[in-house]
Amino acid sequence: MMSCFLIFSLLLASSASFAFASDPSPLQDFCVADPNSPVLVNGVVCKDPKLVQADDFLFRGLNLMRNTSNDVGSNVTAVTVAQLPGLNTFGISMARIDFAPMGINPPHTHPRATEILTVIEGRILVGFVTSNPENRLITRVLEKGDVFVFPEGLIHFQKNLGHGYALALAALSSQNPGVITIANAVFGSNADIPADVLAKAFQTNINVVYQIQSKF
Ligand SMILES: *[C@@H]1O[C@H](CO)[C@@H](O)[C@H](O)[C@H]1NC(C)=O
Ligand SMILES: *[C@@H]1O[C@H](CO)[C@@H](O)[C@H](O)[C@H]1NC(C)=O
C-alpha cells in the first residue's frame with residue numbers, strides 16, 4: 001500500500017516536471033466526452049466507445065450568421081469540446097466570428113491555444129502584442145481569403161473595417177482553448193480587483209477606474 005502511494009507520488013512529481021504547451025496526444029482512436037461523468041480528469045472522461053454515435057462527432061449550424069447587436073459588435077460561436085463531444089483529447093477546436101460594420105472582437109487571449117484565422121467575408125484589421133519587455137504590436141489588414149496566426153497565449157484582437165458584415169473562421173490548437181477577455185478580466189472580475197491597485201497599474205485616477213469598472 002505504502003509503496004503504491006510512493007510510486008504514485010513519484011509518477012505525479014515526474015509528470016509535473018514536464019510542461020506541455022498544448023493538449024496531450026490521444027492514446028486511443030477516440031474518447032468522446034461524457035459530460036455527465038462525475039469523475040474529474042484533465043480533459044473529459046470518455047463515453048463507452050460501444051455507445052458512441054456519429055452525432056457525437058457532429059456540430060451543425062456554423063453556416064448561420066449570429067446576432068452582433070451588442071456593445072462590441074461581434075459574436076463568437078465556439079465549437080469546442082463543450083459543443084462537440086467528439087473533440088475530446090484531439091487538441092483542436094474552431095470558432096465562427098461574425099462582425100457588425102466596424103465591430104470588434106475585443107483584446108483577449110487563449111491560455112491554451114494558438115489560433116489560425118481565415119477571413120471569409122470583409123476586410124479585417126488584426127493584431128497581437130508580444131510579451132514583455134518589447135510589447136510589440138504585430139498588425140495587418142486582412143482581405144477575404146487571408147489567413148493569419150495568433151501565437152498561443154498572446155493578447156490579440158480583430159476589427160471589421162468594412163461597411164458591411166464580416167465573417168471569419170478560426171481554428172485553435174486545443175479542445176478547450178479558454179478565453180480571457182482583457183477588459184472583462186481586469187475591470188469586470190468577480191469580486192473587483194481593488195480600484196487602487198488598478199489605478200496604480202494603469203497610472204490613472206481611481207475615479208477613472210470606478211467608471212470603467214461600472215461598465216463591466
Ligand atoms: C450571439 O448570437 C446568438 C444568436 O444569434 C445570440 O443568441 C447571442 O445572444 C449572441 N451573443 C452575443 C454576445 O451577442
Ligand atoms: C439581436 O439582439 C438584439 C439585442 O439583444 C435584439 O434587440 C434583436 O432583436 C436581435 N435581432 C435578431 C434578429 O434576433
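For ligands, and for the atoms within them, numbers begin at 1 and follow the listed sequence.
One finds no salt bridge joining Glu152 and Arg112 here, because no Lys/Arg side-chain nitrogen approaches an Asp/Glu carboxylate oxygen to under 4.0 Å.
For ligand 1, the 4.0 Å heavy-atom shell takes in Arg66, Asn67, Asn70, Asn75, ordered by chain and residue number.
Closest approach of Pro177 and Ser93 over heavy atoms only: CG-OG, 3.3 Å. Taking both residues in full, the closest heavy atoms of Leu154 and Thr109 are given as O-CB, 3.7 Å, listed atom of the first, atom of the second, then distance.
Phe157 and Ile116 end up in different hydrophobic clusters when Ile, Leu, Val, Met, Phe, Trp and Tyr side chains are linked at under 4.5 Å.
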Review item, side-chain donor-acceptor pairs of residues 76-84, under 3.5 Å, at least two apart:
residue: Thr77; atom: OG1; partner: Arg66; partner atom: NE; Å: 3.4
residue: Thr80; atom: OG1; partner: Ala82; partner atom: N; Å: 3.3
residue: Thr80; atom: OG1; partner: Gln83; partner atom: OE1; Å: 2.9
residue: Gln83; atom: OE1; partner: Thr80; partner atom: N; Å: 2.7

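Within 6.0 Å of the CG atom in Asn207, the count of heavy atoms belonging to other residues, nucleotides or ligands exceeds 12.
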